[in-house]
Amino acid sequence: MRPPRPALLLILPCLLLALAACRRSPGPQAFDYVIGVSLANLTEPWRITMRDEIMDEAARHGNLRIVFTDAADSNARQIQDVHTLLDSGIDLLIISPNQSEALSPVITEAYLRIPVILLDRSVIGFDYTLFIGPDNRLIGKQAGQYVAELLGPKGGKIVEILGRSGSPPVLDRSVGFQEAVARQGNIAIVDRLVADWLRDKAEDQLTSWLAKHGRVDVIFAQNDAMADGARRAASKLGIDGIRVVGIDGLPGPNGGIELVKSGALSATFTCPTGGKEAVIYALDILHHEEGIPKKMILRTSLVTRKTIENGALAAAPRPRLPPDHRIVLGFAQVGKESDWRLADTESIKTAAREAGIELIFRDGEQKQENQIKAIREFIAKKVDVIAFSANVESGWGEVLREAKAAGIPVFIIDRPVDEKDESLWVSLMGSDFLEEGRRAARWLIEYLHTQKPVNIVELQGTIGSAPAIDRKIGFEEVLKDHPNYRIIVSESGDFFRSVGREVMQKILKELADKNLRMDVLFAHNDDMAIGAIAAMEAAGLKPGKDVVIVSVDAIRDAFKAMIAGKLNCTVECSPLLGPQLMKAVKDYMSGQDLPVRIVTSEVVFPAEVARAVLPTRKY
Ligand code: AHR
C-alpha cells in the first residue's frame with residue numbers, strides 16, 4: 001500500500017486555480033475534464049486503496065485531472081468539501097459519503113448541477129447518476145454462512161466487532177450476518193463491540209472483553225483491520241483457537257489476503273473499492289455514452305487459505321482471441337409476451353449488429369425447456385459467450401454448470417435466476433424489480449392520499465418469474481405500513497395483453513357476484529393493464545377514473561392510454577439492454593473485470609407528464 005499523497009489533499013484552492021489555467025490550453029499539461037473526489041476519510045487502509053485505484057486509473061487517461069478532498073470522518077467537513085469542489089467548476093463529482101442521511105441534501109445539490117457517482121455508500125433517494133459499490137448485506141450474509149459452516153452442528157459463541165456507528169455498511173453487514181447465523185439455532189452472538197473500523201481500537205476493546213469473559217469460538221469483525229486487532233488481543237492474552245473472520249480482502253502487506261495466508265485470520269471477504277470502475281464510468285458519463293446504469297454491484301469473494309491456493313480468487317481466464325476475431329454470442333430469449341419483450345429483442349439484435357458481434361438468437365416461446373435447449377445448442381456450437389433472460393427463476397443450475405464446464409462465460413440479462421453459486425455467470429444486468437413494486441405502491445399512496453379502505457386488484461406476471469415475484473414483494477412491502485390498502489384479488493395474466501383482458505373479465509364478474517368494489521388495479525406490466533382496461537370498458541367502467549391503474553414498463557401504448565385518461569401511472573422498466581450487454585461482452589472478452597450486478601436507470605411516469613414525454617419514448 002502506498003503512503004498518502006498529501007500534496008493533492010492540502011492545497012485544494014491553489015490546485016484548482018492551476019487546473020483552471022491548464023484546462024484545454026494547448027501543450028502537454030492540457031486536459032478536458034476535472035473530476036472532484038470527495039472521500040469520507042483517508043485513514044482506513046481500504047479508503048487509501050480506493051484513492052490509489054482512482055489515481056492509477058486516472059493516470060491511464062491523459063485528458064483527466066482528479067482533485068481529492070478528505071473529510072476526516074466529518075459530515076460538516078464533507079458538505080463543505082462538496083461546495084468547494086462545485087464552486088471550482090469540476091465536471092463530475094465522485095463521492096463516498098461519510099453518512100448517507102447527512103450528505104444526501106448536498107449530493108442532491110451537486111446532482112442538479114453535474115453528474116454524480118456515489119462510491120461504496122448510497123444516499124436517501126435517487127438523486128445521483130450512478131452508484132458503484134458492494135452489497136454490504138450480502139457480504140454480511142456470506143460471512144454468516146461461512147461462520148455457520150465453520151461452527152457446524154455444534155454451534156458456538158460469536159463476538160461481532162462493528163465499524164463506526166452510523167456508517168451505512170455497519171447496519172447492512174450486521175443484518176446480513178445475523179440473518180445467516182440465525183438459521184442455525186445453536187449459534188449465539190454474545191456481544192457486539194464498536195471499534196470504528198480501527199485496528200488499535202479493536203485490540204483494546206477485545207483485550208478488556210476477553211480478559212473479563214474468556215474465550216469465544218468466533219470473532220467476526222466488519223473489516224480486516226479490526227479483525228487483525230482482535231487477533232492481536234487474543235494472542236497477547238495467550239488465548240488460542242479463536243477463529244477470526246474479517247471483510248475487505250485487500251492485497252499487499254497487512255492486507256486481509258496476507259493475514260489469511262499467515263493464518264492470522266481464518267477467512268475474509270473481498271470488498272472491492274470500485275475506484276477503478278468509478279473513473280472508467282466517469283469518462284463514459286462525460287462522453288455522454290448511452291446505457292449508463294443506475295447501480296453497479298461489485299463482486300465479493302471468500303478468501304481462505306484454500307481459495308488462495310486453488311486460484312479461485314484469480315479472475316476467470318479469458319480466451320486469447322485473434323485481433324480480427326468476431327465474437328459469437330448465443331442469446332436465449334423468453335418469448336414475445338409483451339411490447340417490452342419485443343423492444344428488448346430489437347435492442348439486442350440492433351446492438352449486436354452495431355457492435356460487430358455475431359448473434360445466434362433463439363426464441364424460447366415462453367418455455368424454459370426451449371431456453372435450456374437453446375443454451376445447450378450454444379454450448380455444442382462452442383459460441384464465445386452465452387446470454388439469456390430467465391423465463392422463471394429456478395431450474396437453471398444444471399445447464400449453467402454445463403456452460404461453466406465448457407468454459408463459456410454466461411451473462412444474465414433482465415430476469416435473474418435463484419442459483420446460489422454466483423460464479424456460474426459473469427454479470428446480471430437489468431432492472432430492480434423490487435424497487436419497481438415499491439415505486440408503484442409509493443406513487444399510489446401519495447396519489448390517493450386517503451385513510452379510507454382501498455381495494456386493490458393485482459395482475460401478476462408469469463408465475464415463478466423474477467419480475468412477478470419481486471414486484472409483488474416490493475409493492476406489499478410498502479403497503480404494509482398502510483393497512484387501509486388491501487389486495488383483494490391477485491391473479492396472473494402471464495404478462496400478455498390478451499390474458500390480462502381475459503383475467504380481468506373473470507375478476508370483474510367474481511367481484512360483482514360478491515358485491516365487492518375494485519378501487520385500484522396494480523398490473524405487473526403495461527400490456528396486462530391495457531388488456532384489463534379493455535375488459536373494464538366492456539363492462540361499462542371508466543378505467544383511470546372509476547379504477548385507478550398503475551402498471552410497470554412505460555411502453556408507448558401506456559403513454560397513449562395515460563393521455564386518453566385511462567391509465568394513471570407507469571413505472572419504467574427499460575428493455576433497452578442491448579447496448580449494455582454488448583459493451584459488457586466486449587469489455588469482458590478484452591480482459592476487464594465486470595460487476596456482478598448492473599442495475600438499469602429508471603423513473604416513474606404519472607399521467608400528468610405523458611403528453612410531454614411520449615415523443616421521447618424509444619419503445
Ligand atoms: O422481465 C421484464 C418483464 O417481462 C416486463 O416487465 C414484462 O413486460 C415482460 O414481458
Side-chain angles (χ1 to χ4, degrees), residues 43-46 73 136-250 254-256 258-269 271 302-305:
T43 41
E44 295 158 27
W46 191 81
D73 294 317
N136 281 304
R137 190 159 167 164
L138 184 68
I139 299 182
K141 195 167 158 193
Q142 286 174 339
Q145 281 162 347
Y146 172 79
V147 168
E149 261 172 50
L150 201 66
L151 291 172
K154 236 177 87 202
K157 290 182 188 163
I158 304 172
V159 169
E160 188 184 0
I161 310 180
L162 312 178
R164 187 181 297 273
S165 301
S167 95
V170 171
L171 186 64
D172 287 343
R173 288 181 186 175
S174 206
V175 169
F177 184 76
Q178 278 171 63
E179 266 171 17
V181 292
R183 298 223 174 108
Q184 206 160 304
N186 44 1
I187 295 181
I189 301 176
V190 291
D191 213 343
R192 291 200 172 83
L193 310 173
V194 177
D196 294 346
W197 306 116
L198 303 173
R199 186 189 74 181
D200 294 350
K201 193 157 183 188
E203 184 173 341
D204 292 347
Q205 297 256 28
L206 256 295
T207 306
S208 323
W209 196 94
L210 291 170
K212 190 165 167 205
H213 301 279
R215 186 176 185 286
V216 283
D217 299 293
V218 171
I219 295 172
F220 165 56
Q222 292 191 339
N223 77 354
D224 291 338
M226 298 189 296
D228 192 23
R231 191 263 318 170
R232 283 163 181 254
S235 69
K236 209 162 61 186
L237 295 170
I239 304 177
D240 293 328
I242 302 183
R243 265 100 31 117
V244 184
V245 176
I247 293 176
D248 277 353
L250 294 177
N254 290 326
E258 240 353 281
L259 292 168
V260 169
K261 264 194 202 159
S262 71
L265 305 189
S266 300
T268 181
F269 290 80
C271 177
L302 166 67
V303 183
T304 58
R305 271 189 172 163

Interatomic spacing from [atom1] in [X] to [atom2] in [Y] - rounded to 0.5 Å:
X	Y	atom1	atom2	answer
Ile239	Thr207	CD1	OG1	9.0 Å
Glu44	Asp73	CD	CG	6.5 Å
Gln184	Lys154	CD	NZ	12.5 Å
Tyr146	Thr268	OH	OG1	10.5 Å
Asn223	Arg199	CG	CZ	11.5 Å
Glu160	Leu193	CD	CG	9.5 Å

Determine the minimum heavy-atom distance between [X] and [Y], stating which atoms define it.
X	Y	result
Asp196	Ser165	OD1-N, 4.4 Å
Ala234	Ile242	CB-CD1, 4.2 Å
Ser174	Leu162	OG-CD2, 4.0 Å
Ile187	Ala148	CD1-CA, 3.8 Å
Ala221	Ala227	CB-N, 3.4 Å
Ser262	Arg305	C-NH2, 3.5 Å

Item checked: Min side-chain heavy-atom separation Asn254-Pro45 under 4.5 Å -> no
Next item on the list: Please lay out, stage by stage, how Gln205 and Lys201 fare under the test side-chain contact (heavy atoms from CB on, under 4.5 Å).
Entry: CA-CA 6 Å; Gln205 297 256 28; Lys201 193 157 183 188; 4.2 Å; yes
Next item on the list: Please step through side-chain contact (heavy atoms from CB on, under 4.5 Å) for the pair Phe220 and Ile189, ending with a clear verdict.
Entry: CA-CA 10 Å; Phe220 165 56; Ile189 301 176; over 6 Å; no
Check: Does the Arg173 side chain pair with the main chain of Gln222, one donor and one acceptor, at a distance under 3.5 Å?
Finding: yes
Note to self: So does Gly249 get a backbone contact from the side chain of Asp224, meaning a donor-acceptor N/O pair under 3.5 Å?
What the structure shows: yes
Note to self: For a quick check under 3.5 Å, do Asp191 and Trp209 share a side-chain donor-acceptor pair by atom type?
What the structure shows: yes
Sequence neighbours excluded and cut-off under 3.5 Å, please list the side-chain donor-acceptor pairs for residues 211-218, or say none.
unit_1, atom_1, unit_2, atom_2, d
Arg215, NE, Asp240, O, 3.1
Arg215, NH2, Gly241, O, 2.8
Asp217, OD2, Lys157, N, 2.7

Checklist line | Side-chain ion pair, Asp228 and Arg231, N-O less than 4.0 Å | finding: yes
Notebook entry, point to check: Among Leu150, Leu265, Val147, whose side-chain contact (heavy atoms from CB on, under 4.5 Å) with Arg243 holds?
Noted result: Leu150
Next item on the list: Could you list the residues that satisfy ring pair (Phe, Tyr, Trp, His ring centres under 6.0 Å) with Phe269, not counting sequence neighbours?
Entry: none
